**Q** 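Provided herewith is a single structure, encoded as structure tokens, for subsequent inquiry.
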Amino acid sequence: MDELNLLRQHQHQHQHHLVVRGLGEEIDLEIGPGDDPSFPGAALVGVTPGAHDPADDHKSLLIPCSQPAAEGQPQPTPPQVEEHDGLLRLPGQTKKKKKVVKKWREEWADTYKWAYVAVHDNTSRIFCTVCKEYGRKHRRNPYGNEGSRNMQMSALEEHNNSLLHKEALRLQTASKENAQPPEIERPVYVKALSKTAASILESILKRDPHEAEFIQSIQEVVHSLEPVLVKNSQHVQILERLLEPERCFIFRVPWVDDRGEAHVNRGFRVQFSQALGPCRGGLRFHPSMTLSVAKFLAFEQTLKNALSQYKLGGAAGGSDFDPKGKSESEIMRFCQSFMDELYRYLGPDQDFPAEDVGVGPREMGYLFGQYRRLSGHFQGNFTGPKIFWSGSSFRTEATGYGLVFFARVVLADMNKELKGLRCVISGSGKIAMHVLEKLLSCEAIPVTVSDSKGYLLDTEGFDYMKYSVLRNIKAQQRSLKEYLKSYPNAKYIDDAKPWSEKCDVAFPCASQNEIDQAEALAIINSGCRVLIECSNMPCTAQAVDILRTAKVVVAPAKATAAGGVAVGELELNPEFSLMQWSVEDFENKIQDAVKQTYDRSIKAAQDYGIMKENSESLVHGANICAFLNIAQAMTDQGCV
């Protein structure tokens, strides 16, 4: 019995728990019986299974040893215990495998890419990045109950060798390679608002807590409308009704690629408000498209249209389909499938779709063709550049030119002009290229354009010859790096944005939230004092606060898009395609629309005590003017 007691004492002293320590420290990969309170407290004796396979050495079992017999019962003959290399062993037992002790080293990051260390129940554990579980909890134990102790395998090795885990890891890796990395859910940034405005925003947060883009766009408008809500309490109820879209459509879009494989995407259309007239707004095909983005775009378009002299409602939509890398026939099949569902919600008195990111003349042509086929009649209610079915060929130029004209009006009020000013542009799409073109005619010095990989910097500034090279590169869908072959003195900066470059005026034309806190500080340090919003909501809420604190004049996209909105609404006039427009007439029309929008915004701000000298006057004035126009129509029409 002395030998047996020694064995029990030896194993009692070497019970192990799964403990994960800091980098470079030892980690015990075995699991001791103390980890599971349901496990018997008896000492453990190692035994060898009857049918032994050398490959299964790691599956040796541990069972409780016999308890002492009751008094009066014969004592069982204790097993003969041998001592070998300082260890006690039963006769005939194979050499016990040594306890696996390794160090959590930096190279494990490559060997075990699926693992990470975290604390669970005050104990450090190794978790799986796929299933977010530790040890064997990632799958059901094939030998019995969940978490059985009948398998004394290394938790790491078992997890890493699991076929289920390997398949999940393979799918996760393939997803990362073929798609954009998933966006990390970020907390919604909430500004300090008055009690009334805060209650409105709180109701939206409760109703749609995960729609970050939509909530962000609402915050800015509610912040601007605080003096309006204080002055007239009836506007509180109107605003609450306005912030709920009239209709939201979500639908499946199945399509077949050139290999015959079926795919499914999700389609969206949000008709936000028809209080002022039929809806009009863009369609966007981009992987980042969600219901939140569709609602935010529709809300912004509603206010844009309300700010113009041509009254229309607002809408937006699209799909998470990515046209990049797709063939012409694949894009056509997708557009036709998309319109198979959307056509029933469109019409000359209901909704007019327009271009947006990923939807150009080609896509609009396919969409209109399928709409005409399904509806059975020809209606020119799709806005776009094809004159034979929709109207004007000036559509994209109007938006880009209007942005530059708006910048010129803002600078004129500051006793400045665009001539000789350094301008930074983000993006290189249609609108960005038209901004660059018009800046050249105004004798400004544009120095950057950008794409999803980085930005192109020409410190000497672009000229018409360089602009022609850029336009050809974009027409052939080549990288901006190709520009360096013609102008080697230029630079292409990878994985960066152009906001740290010295400039006087910034034109963000890429996408929403492209300017965060750090980039807002970079803009201020670069010497920029005027920011013309070209894309919808290009700055995060925190970035906006930083720019306002630094007294940077921000011209909101609701107002700066006046040129494109005006021409887009003129396209809906049946007589518009018969008009003969000269370049001078076209630009005069845009400048008139821009000047009227600017004046209306400044006047609305002044009516509520916000002077022109205030750097926020344009933002607040545009929001106030647009809301009051919609509120009047909603009041006249009753609670509908």
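Everything numeric in this text was worked out from a predicted model, so none of it was measured. Numbering of residues begins at 1 and proceeds along the displayed sequence.
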**Q** For K481, is there an ion pair with D494 - N to carboxylate O distance below 4.0 angstrom?
**A**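 Looking at D494 and K481, the cut-off is met.
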**Q** Closer than 3.5 angstrom, by distance alone: can the side chain of S601 be matched with the main-chain N or O of T597 as a donor-acceptor pair?
**A**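 Side chain of S601 to backbone of T597: a pair is present.
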**Q** Within a reach of under 6.0 Å around CZ of R247, are more than 12 heavy atoms found that belong to other residues, nucleotides or ligands?
**A**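 Result for CZ/R247: enclosed.
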**Q** Is the number of heavy atoms from other residues, nucleotides or ligands within 6.0 Å of CE (M611) greater than 12?
**A**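 Counting neighbours around CE of M611, more than 12 heavy atoms of other residues, nucleotides or ligands fall under 6.0 Å, so yes.
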**Q** Could you state the interatomic distance from CG (L531) to CG (L547), rounded to the nearest 0.5 Å?
**A**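 These two atoms lie 6.5 Å from each other.
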**Q** Indicate, with yes or no, if the rings of Y467 and F462 have centres closer together than 6.0 Å.
**A**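 They do not qualify: ring centres at least 6.0 Å apart.
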**Q** Angle between ring planes, F272 versus F299, binned at 30° and 60°: parallel, tilted or perpendicular?
**A**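 Judged by the thresholds at 30° and 60°, the geometry between F272 and F299 is tilted.
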**Q** Does K326 count as lying over the ring of F334, i.e. NZ or CZ under 6.0 Å from the six-ring centre, within 45 degrees of the axis?
**A**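 The answer is no; the distance or angle limit is not met.
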**Q** Surrounding CD of E240 (heavy atoms of other residues, nucleotides or ligands, distance under 6.0 Å), is the total greater than 12?
**A**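 Above 12, so yes.
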**Q** Can you confirm whether Q476 is buried at CD, in the sense that more than 12 heavy atoms of other residues, nucleotides or ligands lie under 6.0 Å from that atom?
**A**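 Yes, the 6.0 Å shell around CD holds more than 12 heavy atoms from other groups.
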**Q** Quick one: which of R284, R280, K430 gives a salt bridge (Lys or Arg N to Asp or Glu O under 4.0 Å) with D356?
**A**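 Only match with D356 under salt bridge (Lys or Arg N to Asp or Glu O under 4.0 Å): R284.
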**Q** Given 3.5 Å as the limit, does a donor-acceptor pair link the side chain of E211 with the main chain of S292, or not?
**A**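 No: the side chain of E211 does not pair with the backbone of S292.
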**Q** With a 4.0 Å cut-off, would you call E437 and R471 a salt bridge?
**A**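 No.
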**Q** Output yes when K491 and E501 qualify as a salt bridge under the 4.0 Å nitrogen-oxygen rule, no when they do not.
**A**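 No.
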**Q** What are the two closest heavy atoms between L283 and V359, and how far apart are they?
**A**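 Heavy atoms only, the tightest pair is O-CG2, 3.1 Å.
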**Q** Rounded to the nearest 0.5 Å, how far does CZ of F296 lie from CD of Q512?
**A**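 Going from CD on Q512 over to CZ on F296, the span is 4.5 Å.
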**Q** Can you tell which of I523, T540, I546 makes a side-chain contact (heavy atoms from CB on, under 4.5 Å) with I515?
**A**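 Per the side-chain contact (heavy atoms from CB on, under 4.5 Å) rule, the option paired with I515 is I523, out of I523, T540, I546.
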**Q** Would you be so kind as to tabulate the donor-acceptor pairs closer than 3.5 Å made by side chains of residues 403-421, with sequence neighbours excluded?
**A**
from	atom 1	to	atom 2	distance (Å)
R408	NH2	Q591	OE1	3.2
D413	OD2	Y598	OH	2.4

**Q** Test of understanding: with ring-ring contact (aromatic ring centres under 6.0 Å, His included), list the residues that count as partners of F251, not counting sequence neighbours.
**A**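 Partners of F251 by the ring-ring contact (aromatic ring centres under 6.0 Å, His included) criterion, ordered by chain and then number, come out as F338.
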**Q** Work out which heavy atom in I445 is nearest to a heavy atom in E460; give both atom names and the distance.
**A**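 Looks like CG2-O, 4.2 Å.
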